[in-house]
Trainee: 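The following block contains the structure, expressed as structure tokens.
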Amino acid sequence: MTLAVGGGLIVAGAVVALVHAAMSSVQDSIALPPRSEAPYSEPYEGDPYEEEPYEEDPYAEEPGATEPDARKDVTITACTRDPQIGWQSAKVKVVNGSSTTASYTIMMEFLDEDGAKVAEGGAGVVDLEPGGSAVKKAQGLGEVPPGTTCRISDVWRTPSD
């Protein structure tokens with residue numbers, strides 16, 4: 001019996017020594033690198049990510065462009081409130097007034113009787129030929145009060161290539 005207890009203590013001691021050695025080597029491998037010897041520098045005065053302002057709008061149309069304003073290509077033909085769920089929608093007619101096939105993104109605002117925006121919606125037309133027309137529904141999201149009106153807030157026309 002004494003031999004069994006003594007052997008158990010020797011095995012336990014060996015396990016403790018083995019675990020201690022393993023932990024010591026793991027600790028050395030995850031230790032932080034030595035502190036840098038680089039000299040200290042003062043913080044930047046300005047924002048290093050600040051861009052210089054453009055002198056001209058890089059997205060503006062070239063001077064003398066004959067394309068009509070895309071907003072003129074879109075008209076509201078109906079503005080209705082669904083009586084069941086109270087959501088507003090607008091029917092819009094798009095006539096491509098440009099000289100190339102184009103896609104349109106139309107954003108709508110839905111305004112209450114006081115002129116405050118109560119919902120937004122949108123519609124899109126893809127690959128409309130020059131002079132071609134399309135009618136789309138711009139569905140608003142969310143319930144609005146009776147008497148809500150529709151207004152075009154933005155129109156983007158993108159040439160289709």
Trainee: Do you know which two heavy atoms are closest between Val144 and Arg81, and how far apart they sit?
Mentor: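 Residues Val144 and Arg81, closest heavy atoms: O-NE, 2.7 Å.
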Trainee: If you look only at pairs with a residue in residues 81-161, which of them pass as a disulfide (SG to SG under 2.5 Å), with sequence neighbours excluded?
Mentor: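 Counting only pairs at least two positions apart or across chains, the disulfide (SG to SG under 2.5 Å) contacts touching residues 81-161 are Cys79-Cys150.
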Trainee: How many angstroms lie between atom CD of Glu129 and atom OG1 of Thr101, to the nearest 0.5 angstrom?
Mentor: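 It comes to 3.5 Å.
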Trainee: Is there side-chain contact between Asp82 and Ser89, with at least one heavy-atom pair below 4.5 Å?
Mentor: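 In short, these two side chains do not touch, never coming nearer than 4.5 Å.
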Trainee: If you link ILVMFWY side chains whenever their heavy atoms are less than 4.5 Å apart, which other residues fall into the same cluster as Trp87? By chain and number, please.
Mentor: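 Answer for Trp87: Ile85, Leu141.
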Trainee: Would you say that Ser103 contacts Asp127 through its side chain, given a criterion of any heavy-atom pair below 4.5 Å between the two side chains?
Mentor: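 With C-beta onward as the side chain, the pair touches.
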Trainee: Taking a hydrophobic cluster as the set of Ile, Leu, Val, Met, Phe, Trp and Tyr residues connected by side-chain heavy atoms closer than 4.5 Å, whether directly or through intermediates, do Met107 and Ile76 fall within one such cluster?
Mentor: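 No; Ile76 is not reachable from Met107 via cluster members.
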Trainee: If I compare all heavy atoms of Pro130 with all of Thr100, which pair ends up nearest, and what's the gap?
Mentor: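 Taking Pro130 first and Thr100 second, the nearest heavy atoms are CG-C, 3.6 Å.
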Trainee: Under 3.5 Å, side chain of Gln88 to main-chain N/O of Ala119, donor-acceptor pair present?
Mentor: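 It does not hold such a pair.
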Trainee: So which atom in Ile106 and which in Val94 form the shortest heavy-atom distance, rounded to 0.1 Å?
Mentor: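 Heavy atoms of Ile106 and Val94 come nearest at CD1-CG2, 3.8 Å.
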Trainee: Quick check: closest heavy atoms across Leu128 and Asn96, and the distance to 0.1 Å?
Mentor: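 So the minimum-distance heavy-atom pair works out to O-ND2, 2.7 Å.
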Trainee: Can a donor-acceptor pair be found, under 3.5 Å and without considering hydrogens, that links the side chain of Arg157 to the backbone of Gly97?
Mentor: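 It does not hold such a pair.
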Trainee: Val92 and Met108: which non-hydrogen atoms are nearest, and at how many Å?
Mentor: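 Val92 and Met108 have their closest heavy atoms at CG1-SD, 4.0 Å.
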Trainee: For residues Phe110 and Glu120, report the shortest heavy-atom separation together with the two atoms involved.
Mentor: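 Taking every non-hydrogen atom into account, CE1-C, 3.8 Å.
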Trainee: Contact between Glu109 and Ile152 at the side-chain level, heavy atoms closer than 4.5 Å - yes or no?
Mentor: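 Glu109 vs Ile152: side chains apart.
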Trainee: Glu113: what forms a side chain to side chain donor-acceptor pair (under 3.5 Å) with it, not counting sequence neighbours?
Mentor: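 Result, side chain to side chain donor-acceptor pair (under 3.5 Å) vs Glu113: none returned.
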